[in-house]
There are 2 protein chains.
Amino acid sequence: MNLPPLIRSFVLHFGEMGSRWGINRTVGQIYALLYVAPRPLCADDIVEALGISRSNVSMSLRELQAWNLVVLKHLPDDRRDFFTTPDDVWQILRTLAEERKKREVDPTLSVLREILMQPAGSEEEAHAQQRMAEMHDLIEQLTTWYDDVKRLETERLATLLSLGSKITRLLETKDRIVSFGRARKSERPGERRTGAATPRKDPEE
Amino acid sequence: MNLPPLIRSFVLHFGEMGSRWGINRTVGQIYALLYVAPRPLCADDIVEALGISRSNVSMSLRELQAWNLVVLKHLPDDRRDFFTTPDDVWQILRTLAEERKKREVDPTLSVLREILMQPAGSEEEAHAQQRMAEMHDLIEQLTTWYDDVKRLETERLATLLSLGSKITRLLETKDRIVSFGRARKSERPGERRTGAATPRKDPEE
DNA sequence: CATTAATTTCAGAAACTTCTGAAATCACCG
DNA sequence: CGGTGATTTCAGAAGTTTCTGAAATTAATG
């Protein structure tokens, strides 16, 4: 590996972090390198910088493309592919969130739904379904929130973040002034709201 | 593996998911099992249910304890350890977030800060620092928001979630009525706010 | 349509992680 | 304080992932 020391530390750290996240080390390193590079890099630049095999670079770039994390550039009169990351860090965050949701959250939700459709064959299974329904509802709440918030432009999202929990304090006040928080009285968190995930046994009780 | 079919699917799915997250398959399965079990389980119950070795169970439980994801119970006149997960799914989510932050986000922030303190030795490094500063600031904004919001009781957090982006619409209106959004005019997202992460070269420009 | 250069694929080697059974440790009891 | 049974540790076996170099493929050019 042949890199200026600051960039080197960054790249190595992201390699480490990558492996904690199920992304592999090389993929993490390549991403980090592209992220800080002042111009798009081609595969051989990466081979050179990280000292890994050409084929490994090829496979890892493929992986990064599958995650939509890199942008492909072409220079005139050069048929090599050059790669960068998007300039906007918020955009990167959005992509990351979207991809992880697609790969991890959505399949989990659908497994949970499927299990919850089946009839429980025992007390034990009925209890398990109850627990899975709780998990299902939590995840559904979070993804609904996410789907809503992800559409915000960056500036608004940043505003929302910088307010944080202050918002609830604001809402406290509004509750009493504007007619805004009305629906919330009847709906305590933890209780089931959607019909979809209700286990079979419920009707009999 | 000797489990009712519904529970079996759930456990297997969490095993799979676990491996995507750098948590290992067995640990994921054990967690899933404890999560849906109607009562605390001891190590031998787990061996029996999942058909894995006693020592593997021991190590995996250790791992789960290190993540604060399981609760230890003792029955009177029985010196075995029994394990459960907390009843409240929101609590589980909080713990998960806290632990992941501790292991992944905090170290990344501190690596970034460290690198940003060092003087850039070249154009290339200076550019890299600029990029790292952007990443640093984004992460810092997110963790500040998280630190703020995590203190909310579950009920309020749920309210906040269920409002989602509606809040910004509410704020639009308030901006004009109450004197609440004043600070935001001068502070465009994307621009540097904290001094901490500013790369050395800035002062000269 | 042959040549050349870039890129991808893939089988197996290397590295790493997970899992096991045997041995060591621990903690309670008489 | 020795015996008993539960639990943990650990060295190495089994399994998995990552990485490489050689071969195959692709695509542009004369």
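Numbers restart at 1 for each chain; the letters A, B, ... are given by sequence-line order, proteins then strands. Quick caveat: nothing in here was measured; it's all calculated off a predicted structure. Computed from heavy atoms alone, side chains included, the values below leave out hydrogens, waters and symmetry copies.
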Taking all atoms of both residues into account, what is the closest heavy-atom pair of B:Val89 and A:Leu138, and its distance?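 Taking B:Val89 first and A:Leu138 second, the nearest heavy atoms are O-CD2, 3.7 Å.
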
Residue pair A:Met1 / A:Ala49: nearest heavy atoms and the distance that separates them: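 Minimum heavy-atom contact is CG-O, 3.3 Å.
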
Show me the pairs that pass ring-ring contact (aromatic ring centres under 6.0 Å, His included) and involve residues 11-38 of chain B, at least two apart or across chains.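 The answer is B:Phe10-B:Phe14.
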
For B:Asn68, which of B:Glu99, B:Lys102, B:Glu98 qualifies under side-chain hydrogen bond (donor to acceptor under 3.5 Å, both in side chains)?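 Exactly one option meets the side-chain hydrogen bond (donor to acceptor under 3.5 Å, both in side chains) with B:Asn68, and it is B:Glu99.
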
Give the rounded distance in Å between these two atoms: CG of A:Leu61 and P of C:dA6.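 Taking CG of A:Leu61 and P of C:dA6, I get 16 Å after rounding.
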
Nucleic acid contacts of residues 19-46 of chain B, taken as heavy-atom distances under 4.0 Å to DNA chain D: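 Per residue number, the list is empty: none.
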
Picking from C:dA6, C:dT20, C:dT9, which would you name as closest to the side chain of A:Arg62?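 From the listed options, C:dT9 comes nearest.
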
Between B:Thr84 and B:Arg39, is any side-chain donor less than 3.5 angstrom from a side-chain acceptor?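 Side-chain D/A pair, B:Thr84 to B:Arg39: absent.
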
Every protein N/O lying under 3.5 Å from an N/O of nucleotides 21-24 of chain C:
from   : atom 1 : to      : atom 2 : distance (Å)
C:dG21 : N7     : B:Ser55 : OG     : 3.2
C:dG21 : O6     : B:Ser55 : OG     : 2.8

Bending between helix ends of the helix from C:dC1-D:dG30 to C:dG30-D:dC1 [5 pairs per end, 10° resolution]: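 That helix gives 20° between its end axes.
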
Taking B:His136 as the fixed residue, which of B:Val111, B:Ile115, B:Leu116 is the one that meets the side chain to side chain contact (heavy atoms under 4.5 Å, CB included) rule?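 So, applying the side chain to side chain contact (heavy atoms under 4.5 Å, CB included) to B:His136 and each of B:Val111, B:Ile115, B:Leu116, only B:Leu116 qualifies.
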
Please tabulate, one pair per line, each protein N/O and nucleotide N/O from nucleotides 27-30 of chain C that are separated by under 3.5 Å, including the distance.
none

Going by atom type alone, with no hydrogens or angles, which donor-acceptor pairs under 3.5 Å involve a side-chain atom of residues 70-79 of chain A and a protein atom two or more places apart or on another chain?
from    : atom 1 : to      : atom 2 : distance (Å)
A:His74 : NE2    : A:Asp81 : OD1    : 2.7
A:Asp78 : OD1    : A:Arg80 : N      : 3.0
A:Asp78 : OD1    : A:Arg80 : NE     : 3.1
A:Asp78 : OD2    : A:Arg80 : NE     : 3.4
A:Asp78 : OD2    : A:Arg80 : NH2    : 2.8

